[in-house]
K.L.:
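Quick one: the structure is below, and I'll ask about it shortly.
Note that the structure is predicted; figures quoted are calculated from it, not measured. Residues take their numbers from the sequence shown, with the count starting at 1.
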Amino acid sequence: MTAFSPRNTLAFRMPEAFSPRIRPTLFERLASRLVGLRERIAVAAELRRASDRDLRDMGITRYDTGRVFDPEFADEYASRGKYSRPRKSAGGS
């Protein structure tokens, strides 16, 4: 998988000298949302290209790739490590 740049290097920011106000303008909020959307699209594409083995290493399944940005998925994913099901033995029964 490829590494992503930190968010602050990708986001559009007005120079501080030109933007002394605390609240962001409509344009700044829109630019920030567009950057976020672009990042989510890139992550989704990367997950679709990943092999099943890579996804398993990350602790997700192919089904989970469509739900990665869902807030409920984050809670479910966090609880997976706490209550993982025991693995079946190779000998059967």
Side-chain angles (χ1 to χ4, degrees):
M1 300 191 79
T2 59
F4 290 96
S5 300
R7 172 172 236 151
N8 61 357
T9 61
L10 298 175
F12 175 81
R13 301 209 186 272
M14 295 291 289
E16 296 300 323
F18 298 115
S19 183
R21 57 194 175 278
I22 302 298
R23 291 182 56 196
T25 65
L26 177 62
F27 177 74
E28 290 168 334
R29 288 191 311 247
L30 179 60
S32 176
R33 285 187 182 223
L34 287 175
V35 167
L37 176 63
R38 192 172 187 173
E39 289 174 353
R40 287 191 302 274
I41 290 171
V43 168
E46 187 87 19
L47 288 172
R48 280 193 303 272
R49 286 190 303 266
S51 68
D52 289 336
R53 182 177 180 185
D54 290 337
L55 294 173
R56 196 172 343 128
D57 287 345
M58 288 183 257
I60 62 175
T61 63
R62 183 78 49 200
Y63 171 74
D64 293 333
T65 59
R67 305 180 321 134
V68 168
F69 300 107
D70 183 12
E72 292 176 6
F73 174 74
D75 295 335
E76 177 188 326
Y77 183 76
S79 68
R80 283 183 186 176
K82 297 176 187 172
Y83 305 108
S84 60
R85 290 183 284 178
R87 295 183 181 199
K88 293 183 180 179
S89 63
S93 85

K.L.:
Check ring pair (Phe, Tyr, Trp, His ring centres under 6.0 Å) between F73 and all other residues, then give those that pass, not counting sequence neighbours.
P.N.:
Y77
K.L.:
Supply the members, apart from L30, of the Ile/Leu/Val/Met/Phe/Trp/Tyr cluster built from side-chain contacts under 4.5 Å; use none for a lone residue.
P.N.:
L34
K.L.:
With sequence neighbours excluded, tell me which residues meet side-chain contact (heavy atoms from CB on, under 4.5 Å) with R33.
P.N.:
none
K.L.:
Which residues end up grouped with Y63 if you chain together Ile, Leu, Val, Met, Phe, Trp and Tyr wherever their side-chain heavy atoms are less than 4.5 Å apart?
P.N.:
none
K.L.:
Who are the side chain to side chain donor-acceptor pair (under 3.5 Å) partners of T61, not counting sequence neighbours?
P.N.:
D64
K.L.:
With a sphere of 6.0 Å drawn around CZ of R38, does it hold more than 12 non-hydrogen atoms of other residues, nucleotides or ligands?
P.N.:
no
K.L.:
Which value, rounded to the nearest 0.5 Å, describes the distance between M58 atom CE and T65 atom OG1?
P.N.:
9.5 Å
K.L.:
Step by step, would you call L37 with R40 a side chain to side chain contact (heavy atoms under 4.5 Å, CB included)?
P.N.:
CA-CA 5 Å; L37 176 63; R40 287 191 302 274; 3.9 Å; yes
K.L.:
For D52, enumerate each residue passing the side chain to side chain donor-acceptor pair (under 3.5 Å) test, keeping only those at least two apart in sequence or located in another chain.
P.N.:
R62
K.L.:
Mind checking whether E46 and V43 have side chains closer than 4.5 Å, heavy atoms only?
P.N.:
no
